[in-house]
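Presented below is the structure to which this report refers.
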Amino acid sequence: MSKNDLQAPRGTRDFYPEELRQREWLFGCFREIGRRYGFEEVDAPVLEHEELFTRKAGEEIVGQLYHFELHGRRLALRPEMTPSIARMVRARAGSLRLPLRWMSLPQCWRYERMTRGRRREHYQWNMDIWGEASVTAEAELISAVFDLLDRVDVPRDDVKVRLSSRALLEETLRGTVLRDRPERFAALCVVIDKLDKIGGGGVADLLTATSGAVGLEASDAKFVVEWLGHRNLADAVRQAPSGSAAAEELSRLFDLLEAYGHGDRVVFDASVVRGLAYYTGVVFEVFDTARELRAICGGGRYDGLLETLGGPRIPAAGFGFGDAVIAELLSDRGLLPDGARSLDAVVFPFGDEQRAAAVAVAGALRARGQSVDLVLGRPKLKRVLADADRANAACVYLIGPDELTRGEVLIRDLATGEQRTETLPD
RNA sequence: GUGGGCGUAGCUCAGUUGGUUAGAGCGCCAGGUUGUGGUCCUGGAAGUCGGGGGUUCAAAUCCCCUCGUCCACCCCA
């Protein structure tokens, strides 16, 4: 085994106790908000059949799969949770009572180059609502994101949501640009998601490429790119067919978010389309206002996904909120807890003669739910106290020959230094 | 993928006109007498100077290759 093999693979992390405590703190916040919103937690295997993730719209995510073949089966590590959740919903579609709210904290894998806040492995707070077609679902989801941000003390103005609607774009294009090829809409979205990266010209090139999946006329591509420039909902709506349902929904969503008290934290941005093919309606991204980091969270509505998996059509919306970018943001602001250890008690028998009594004391404390370190071996008292201090133990239970003789245990409070005695348990 | 920075003890790093046994702080271990921590003092262990090759009497120091890491770009959630 070479030295290289002794390191964690590139882009992956080891979690030592301090780091795992920080991670669990964040996960605890995710779970707390999920609980407040009435979400049930679910889980699924990190390994799935590759076909679950391979869609045909040229999504980058498909090219970044960790995949392999074993005994003739093509398997892949999940790059995102939504397909697995959809699979679970499909399997019980006949008996699930809708709408349902499910959350999960999956580890996801993507083989890609690393930058700040992006690794090959990360955890995601995934929240989905199944069986609700109206934007009341999106409003609830987006509100949960804001509550999470508040819960971890991110300053209110530091993070905002940009949102748009693929449905609005689709309605706008259906009668014109995509009149003869409505089925190319998903592929078109995957292309225009690259706007930030390759610019309007690049997007237009891809949209018109004869070898591409969309194949628009130059004037149509120009129209699409210009549409993406809208930052005002009214302007975008003006170009939609009259009576556009998507426009009405979008405006209702803004009203709802106002009612939730988050109106000032949401902006319309037509350039938000997301890179995944399955989104059909509202799409949104959470980003730091200073634009120093990558998107913190992204999500939207995917009413057709279950159908593509051979299930019934059940409307759904959800988001994935990564652990990496938010950790960077919190770390920059000194908002990550230090991950210090803590113990309720350390129990120390001076010698083997006192061990049985110490076991009884530790057992009684543990039965009451306390976190107890029963000292092993025969270290010196000085060492025991120093260790207890470093572990942030609240107190130390000392049982020496004198205490045992009197049937007592000496309890030292490490914060105050005060000592008292208690009778040993039977 | 391209360019650049970095890679010296567990951690953070110092160490250039190449020159005797490679350093500091923190951490770790052991002491400061017999049963009392956080401070302090003393001592100690610990480094193939990322790896390989080359130049040289002599390389942590110069050159080449390679791996790792970080940043930017490229690319992309």
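Keep in mind that this is a model prediction, so the values were computed, not measured. Proteins get letters first, then strands, A, B, ... in listed order; numbering begins at 1 in each. Both backbone and side-chain heavy atoms feed into the values below; hydrogens, waters and symmetry mates do not.
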Does [N] have OP1 or OP2 sitting under 4.0 Å from an N or O in the side chain of [X]?
X      : N     : value
A/R390 : B/C28 : yes
A/R118 : B/C75 : no
A/R10  : B/C67 : no

Just by distance, no angles: are the side chains of [X] and [Y] close enough, under 3.5 Å, to form a donor-acceptor pair?
X      : Y      : value
A/R74  : A/H67  : yes
A/D128 : A/Y302 : yes
A/T172 : A/E170 : no
A/E403 : A/T421 : no
A/Y397 : A/E422 : no

Salt bridge flag under 4.0 Å for residues A/R156 and A/D264 = yes
Can a salt bridge be assigned to the pair A/R406 and A/D402 using a cut-off of 4.0 Å between side-chain N and carboxylate O?
-> no
Enumerate, atom names and distances included, each donor-acceptor pair closer than 3.5 Å involving a side-chain atom of residues 333-341 of chain A, sequence neighbours excluded.
unit_1: A/R333; atom_1: NE; unit_2: A/D158; atom_2: OD2; d: 2.7
unit_1: A/R333; atom_1: NH1; unit_2: A/L329; atom_2: O; d: 3.1
unit_1: A/R333; atom_1: NH2; unit_2: A/D158; atom_2: OD2; d: 3.1
unit_1: A/D338; atom_1: OD1; unit_2: A/A340; atom_2: N; d: 2.9

Separation of [X] atom [atom1] from [N] atom [atom2], in whole Å?
X      : N     : atom1 : atom2 : answer
A/E292 : B/C71 : CD    : C1'   : 15 Å
A/R294 : B/A72 : CZ    : C1'   : 15 Å
A/E328 : B/C70 : CD    : P     : 10 Å
A/M114 : B/C67 : CE    : P     : 16 Å
A/F287 : B/C76 : CZ    : P     : 21 Å
A/Y16  : B/G10 : OH    : P     : 12 Å
A/Q64  : B/G1  : CD    : C1'   : 14 Å
A/R120 : B/U69 : CZ    : C1'   : 13 Å

Listed range with range, the stems formed with RNA chain B by at least 3 consecutive Watson-Crick or G-U pairs (under 3.5 Å) are B:1-7 with B:67-73, B:10-13 with B:23-26, B:28-32 with B:40-44, B:50-54 with B:62-66
Test item: A/R313 and A/D303 side chains (from C-beta on) under 4.5 Å apart, heavy atoms = yes
Say we look at [N] and [M]: how far apart would their [atom1] atoms be, to the nearest angstrom?
N     : M     : atom1 : result
B/G32 : B/A24 : P     : 25 Å
B/U48 : B/G43 : P     : 25 Å
B/C40 : B/G27 : P     : 9 Å
B/C26 : B/G44 : P     : 16 Å
B/G5  : B/A45 : C1'   : 34 Å
B/A60 : B/U16 : P     : 13 Å
B/C65 : B/C57 : C1'   : 26 Å
B/A22 : B/C76 : C1'   : 45 Å

Test for a donor-acceptor pair under 3.5 Å between the base of B/C76 and the side chain of A/R113, counting only N and O atoms.
-> no
List the protein contact pattern of nucleotides 31-37 of chain B with one symbol per nucleotide (5' to 3'): B for base contact, S for sugar-phosphate-only contact, - for none; contact means a heavy-atom distance under 4.0 Å.
-> S---BBB
Provide the closest heavy-atom pair for A/A295 versus A/V325 in the form atom of the first, atom of the second, distance.
-> O-CG2, 3.8 Å
